[in-house]
Amino acid sequence: MTRSISGQIAIGLVVAGTVSACVLVALVGHQYGFFGEHPPPAAATWVEIVDHVLIPLSVFLLLFGLGAFLVLRHVALRLKAATDEVVAAAERLESYDAGANPLPAEIEPFAKAVSQLTTKLEAYARRQETFAMDAAHELKTPLAVLALELDKLPEKDAARLRKQLNAMTGMVEQFLLLARSQSEESLAKQPPVDLQAVARRIAAELAPAAVAEGKTIAFQQEGMPSRITGLEEAIAAAVRTLAVNAIRVTPEAGEVVIEAGPGPVVSVYDGGDGLSSDTLNALKARGVRADRAPGGSAGLGLAIADRIAEAHGGELQTAMPDRAGIRLCFAAACKQETPSG
């Protein structure tokens, strides 16, 4: 059955017209004795039916259908305008104001319900962002105190704990960057970010760590330099997360490649087995513990990196089945499901 209102009205007009025609034919036939013992000639019967039933009924249905079409078109245009406003508000992560574009009385309750829902969602999102930022700031102090206390321990014990502490400190910094990335106004004020320069810098920063583990890391550029509007520190943190994970899963003597381009894309290829789309989506999901990630440390970092990419209009994608690795894609065209490897 059709879901279109205009289609349902058309069906209703056909049914109403058929029923009305039958009723009018019966009334006209009774009036002129068509059903009596001595009915008029068939030709005269059809003339009467056409003149008194079909023509008037066709004119009525035509005018009624035209009026219904004009009314529906007017309502559809207003609904489209309201839909565009809802979509624009969603892209800005703002609530939708139903009063800005009054709708017909029958639809207004639904529009007000959508407005109330988006208002509550916006307030909830703002509280979550504020809480995340406040919590991250509060955690920095005890972490700094712990770092000082570690200096009092023997080096062989402190080294292992310091590694975990550094990882936690880095995670807190990412939370702060993520919270800053959630503000559309803040992002709009940022200068354009050169993705090639960010990728090259991360490769240079991590080169000593890769060499220390018997691996190498290289930078490649495909196509012309690409720039996006956003927070450079946040994007760099996301790329760094992917690169650190790539170094971890790459076997000894293997190579990690950070590739910028073509377009607003940064790909990090490794020598591991790669992640399928389903596995990557599971690691990106909220609530997935870090110890469920391959090697025990990728889960939360990938989730934060994905949220940073999302705040900049992109997402994380697997590079499978072509290559083992993950890419940060900031183009709207990249928002499509990647086949599982």
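We count residues from 1, following the sequence as given.
- Heavy-atom minimum distance, Ala203 versus Ile217: O-CG2, 3.6 Å.
- In this structure, the side-chain contact (heavy atoms from CB on, under 4.5 Å) partners of Leu117, at least two apart in sequence or on a different chain, are Leu121.
- For Arg323, there are no salt bridge (Lys or Arg N to Asp or Glu O under 4.0 Å) partners at least two apart in sequence or on another chain.
- Considering only residues two or more places apart in sequence or on other chains, Ala246 meets the side-chain contact (heavy atoms from CB on, under 4.5 Å) condition with Val256, Val268, Asp270.
- Val257 shares a hydrophobic cluster with Tyr269; the chain of contacts runs through ILVMFWY side chains whose heavy atoms sit under 4.5 Å apart.
- Within the structure, salt bridge (Lys or Arg N to Asp or Glu O under 4.0 Å) contacts touching residues 216-231 (residues at least two apart or in different chains) are Asp194-Arg227.
- Every side-chain hydrogen bond (donor to acceptor under 3.5 Å, both in side chains) that Asp84 has, sequence neighbours left out, goes to Lys80.
- Counting only heavy atoms from C-beta outward, the side chains of Ile235 and Leu195 approach each other to under 4.5 Å.
- The shortest distance between side-chain heavy atoms of Glu232 and Arg201 falls below 4.5 Å.
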*asked:* Could you go through Ile202 and Phe219, starting from their C-alpha distance and side-chain angles, then the distance that decides it, and tell me whether this counts as side-chain contact (heavy atoms from CB on, under 4.5 Å)?
replied: CA-CA 9 Å; Ile202 298 302; Phe219 167 77; over 6 Å; no
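- Two residues are said to be in side-chain contact when any heavy atoms from C-beta on lie closer than 4.5 Å; Leu280 and Leu302 meet this criterion.
- Residue pairs satisfying the salt bridge (Lys or Arg N to Asp or Glu O under 4.0 Å) criterion with at least one member in residues 210-219, sequence neighbours excluded, are listed as follows: Glu213-Lys215.
- For the pair Gln196 and Ser226, the minimum side-chain heavy-atom distance is below 4.5 Å.
- Taking CG from Leu63 and OG from Ser58, the interatomic distance works out to 10.5 Å, rounded to the nearest 0.5 Å.
- For the salt bridge (Lys or Arg N to Asp or Glu O under 4.0 Å) test, no residue two or more places apart in sequence or in another chain qualifies with Asp322.
- Distance CD1/Ile308 to CG/Leu231: 8.5 Å, rounded to 0.5 Å.
- Using a 4.5 Å heavy-atom threshold, the side chains of Ile258 and Val266 count as touching.
- Under the 4.5 Å side-chain criterion, counting only non-hydrogen atoms from C-beta, Leu206 is in contact with Ile247.
- Between Ile228 and Pro192, the closest side-chain pair of non-hydrogen atoms is not below 4.5 Å.
- The shortest distance between side-chain heavy atoms of Glu315 and Asp306 falls below 4.5 Å.
- Every residue was checked against the salt bridge (Lys or Arg N to Asp or Glu O under 4.0 Å) condition with Glu259, not counting sequence neighbours, and none meets it.
- In this structure, the salt bridge (Lys or Arg N to Asp or Glu O under 4.0 Å) partners of Arg240, at least two apart in sequence or on a different chain, are Glu205.
- Applying the side-chain contact (heavy atoms from CB on, under 4.5 Å) criterion to Val211, with sequence neighbours excluded, gives no partner residue.
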